Amino acid sequence: MQGSGVNQETSVDQGPGGDRDAEIAEEQTYFDAAAGFRERKLAGLGDLALATAHRGAAKPMRQHIEQARQAIGQAGEAVAYGRIDGESGEVLYVGPHLIRDDDSEVLVVNWRATAAAPYFAASHADPRGVRRKRVFECTGNTIQSFTDVVFAEIAATVDDYLLGELDRARTGQMRDIVATIQAAQYDLIRAPLDQVLIVDGGPGTGKTAVALHRVSWLLFQHPDRLDADSVLVVGPHPTFIRYIGRVLPELGDTQVRMADVGRLAPDVHRGRNEPEELAGLKGEARMAGLLARALDARIGAPEPAERLLIGGRFVTLPGADVAEAVSACRAAIGPYTQRRQLLRDRLVALVLARTGVDSGGDPALANLAERLWPQQSAPAFLRDLFGSRQRLRTAAGDEFTEAETASLVRRGADRLSQEVWSAADLPLLDELDHLINGPKDRYGHVVVDEAQDLSPMQLRSVGRRSTTGSLTLVGDIAQSTGPWARDDWAEVTRHLPDRLPTAVAELRYGYRVPRQLYRYAARLLPVAAPGARPPEVVRDGPAEPGIHRVGLSERAGRTVALAMRHSAAGLFVGIVCPPRCRRETEAALAENGVEWSSADRGELGAAVNLVSPREAKGLEFDAVIVVEPEQIVAGDERGHRMLYVALTRATRHLDIVCVGEPLPLSVPASAPTTRDGVAAFGERDVRRLAEHLAGQVRGAAPEQAWPGILHRLAELLTPPAD
Ligand SMILES: Nc1ncnc2c1ncn2[C@@H]1O[C@H](COP(=O)(O)OP(=O)(O)OP(=O)(O)O)[C@@H](O)[C@H]1O
């Protein structure tokens, strides 16, 4: 990728004005003709739709028409994104849909078709038989302009059309990038289905865009294995889902389910706050074992003899026979509810064998089954479990310390419907629902964005949604924060199905953040994520970051003044504000009469948007104002990464308003989480080792020397810095 002066180096062939107008007119004739064939097809479908609009008409027929309509496209939309001219003169138009003329000659190929590959894959280094690539700029189906890249002319990489696209004003909704998909992105979009594909890359390298276009491509390429509702896209929070929500429908894929990770759980009342430490514990994979053991402990033991009144007659079942039935069902494979049904069947068989009576519908038998194997729902079960220290302790076994078990205890709401659940409770509910009712909502392919932050319990929740283990994970280790911040992808994949091979592919070029802004943000990398490779930025922005050091009393006012200035210039503005500065910023916005959206409440779309650092992940704005970086750093165990996220949201302008340091590199980072390490080594072993060391210290040194010894021990264990 080139350095500065991108525009001068691109091999753009735009020709003199007159020729150009003639060429546009000629292309327009082609566009009009193609649109004519498309619209005739659509009209034909319209007639068919009228005929089947009758209530009695078959639903499959109506669905077929709808599918056909989606495959044809919409009247009025541009028929093509662009065209390629081969070295031997052949021409291929590439568009959102296939268009043929009345003789079945192809006028435009679908961008997802293999024939379209050279349009995306051709590069100066490897033109793949393409002499020229032309990208059209249209309003509806009217061509306004075009940009040509002539391969093998000058070795440049970023064409004007792409630069124009990257520079365009943003809104609260991401857009499709089909016209300008880059070769490396295209390779990942069409990577094979049967794998766990990890798309890694720095901020703004197009990971989200690639993941969404990959969904569209896979649906087109694998109609035999995937239909539209067999793909799931999971994102980190509802605002993100709303932000990306239009891309797939724009590509014609309207049925794909998109959900924030919390939505995979049963529908409960959310919003409980809890300490990060507790959320971290609930996210650990060993919680799965605890839940399974707790559920198993609900299965009861029979009396020495079970006496039932069935059809007016007393029947006595020997406790040993019932116990045998219970233990056979306990050992059976399958969800809790299914095995409960198995137990009922076995009890019915026992009664039948003794009396010859079919007790299938008898309440006495139902009562016995309920006593031995009580019906469960995930929320009721988890509320009761958290409410009982004893049950938690039993289920925890020696996998959890006493203090950990105690931290899980909480008083449940009197009524289940009043129980408020935390974000970390949701994957536990989902795990339980799975244990109780078995698999549900499964998909042929699952895409997970910002996957680097998910807890093991969330990853389990996502992983079991994939029928075959086919997944696309998208993320950036340098942006990994929160209680589950990761340092490599293996820490993520070990909680996912491993039926298919895993591949990690990196996107290298940064499209969002201009060079001046990225250069500033990248100064955080040695502290935030040593070893992370910064993306190669493809364009320059209009300005260096603005650093505004202010007094405490001016902070909010300056922030809002900057937001107003950018929004008056027509820019889409994001104020990334740590929770501690939120109230003063909201007050200043109100004082100045600024209408704003709260991204944290799922809104995004006003000219000015207020967003917490955590919710800023994945989003982008024309202009970003980052408030008080020191507090952003202090707010997370990986605070420098959080700040890196905040500083890399802007497509044009970045301002930092602060009382403290604008780039607080010297603020010591909190110790990284060790939870995954503990889980890998084994909680029991960690405890034993700690107890052993404590015993040695206690036995060998007086109490006042303990802190000094611990300090020295920590020094001895710290790996060399090299
Ligand atoms: N080939 C492309 N053509 C046009 N725009 C592109 C292209 N690739 C990426 N972009 C744009 O760059 C911006 C960043 O893309 P995207 O959000 O997918 O990046 P990301 O890698 O997911 O970023 P982050 O890690 O910050 O979430 C978006 O506006 C996207 O539309």
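Just so you know, ligand 1 is whichever comes first in the structure, and atom 1 is the first atom listed for that ligand. Source: prediction; values computed, not measured.
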**Asked** Taking atom types as modelled, is there a side-chain donor on Q144 or T139 under 3.5 Å from an acceptor on the other?
**Response** yes
**Prompt:** For F146, is the NZ or CZ atom of R20 found under 6.0 angstrom from the centre of its six-membered ring and inside 45 degrees of the ring axis?
**Reply:** yes
**Message:** With a 6.0 Å cut-off on the ring centroids, do Y81 and Y119 count as close?
**Reply:** no
**Prompt:** Taking everything shown except R508 itself, do over 12 heavy atoms lie less than 6.0 Å from its CZ?
**Reply:** yes
N or O contacts of ligand 1 with protein under 3.5 Å, please list pair by pair.
| residue | atom | partner | partner atom | Å |
| --- | --- | --- | --- | --- |
| ligand 1 | 1 (N) | T180 | O | 2.8 |
| ligand 1 | 1 (N) | Q185 | OE1 | 2.8 |
| ligand 1 | 3 (N) | T180 | OG1 | 2.6 |
| ligand 1 | 8 (N) | Q185 | NE2 | 3.0 |
| ligand 1 | 17 (O) | R512 | NH2 | 3.2 |
| ligand 1 | 18 (O) | T208 | N | 3.2 |
| ligand 1 | 18 (O) | A209 | N | 2.9 |
| ligand 1 | 19 (O) | G206 | N | 3.1 |
| ligand 1 | 21 (O) | T205 | N | 3.1 |
| ligand 1 | 21 (O) | T205 | OG1 | 3.4 |
| ligand 1 | 21 (O) | G206 | N | 3.1 |
| ligand 1 | 21 (O) | K207 | N | 2.9 |
| ligand 1 | 21 (O) | K207 | NZ | 2.7 |
| ligand 1 | 22 (O) | T208 | N | 3.0 |
| ligand 1 | 22 (O) | T208 | OG1 | 2.9 |
| ligand 1 | 23 (O) | G204 | N | 2.9 |
| ligand 1 | 23 (O) | R512 | NH2 | 3.1 |
| ligand 1 | 25 (O) | K207 | NZ | 2.6 |
| ligand 1 | 25 (O) | Q479 | NE2 | 3.0 |
| ligand 1 | 26 (O) | G204 | N | 3.4 |
| ligand 1 | 26 (O) | R512 | NH1 | 2.7 |
| ligand 1 | 26 (O) | R512 | NH2 | 3.2 |
| ligand 1 | 26 (O) | R649 | NH1 | 2.9 |
| ligand 1 | 26 (O) | R649 | NH2 | 2.8 |
| ligand 1 | 27 (O) | E450 | OE2 | 3.4 |
| ligand 1 | 29 (O) | R170 | NE | 3.4 |
| ligand 1 | 29 (O) | R170 | NH2 | 2.9 |
| ligand 1 | 29 (O) | E620 | OE1 | 3.2 |
| ligand 1 | 29 (O) | E620 | OE2 | 2.4 |

**Request:** Give a yes or no on whether a salt bridge exists between R128 and D126, defined as a side-chain N under 4.0 angstrom from a carboxylate O.
**Result:** yes
**Prompt:** Hey, is R214 close enough to D449 for a salt bridge, meaning N to O under 4.0 Å?
**Reply:** no
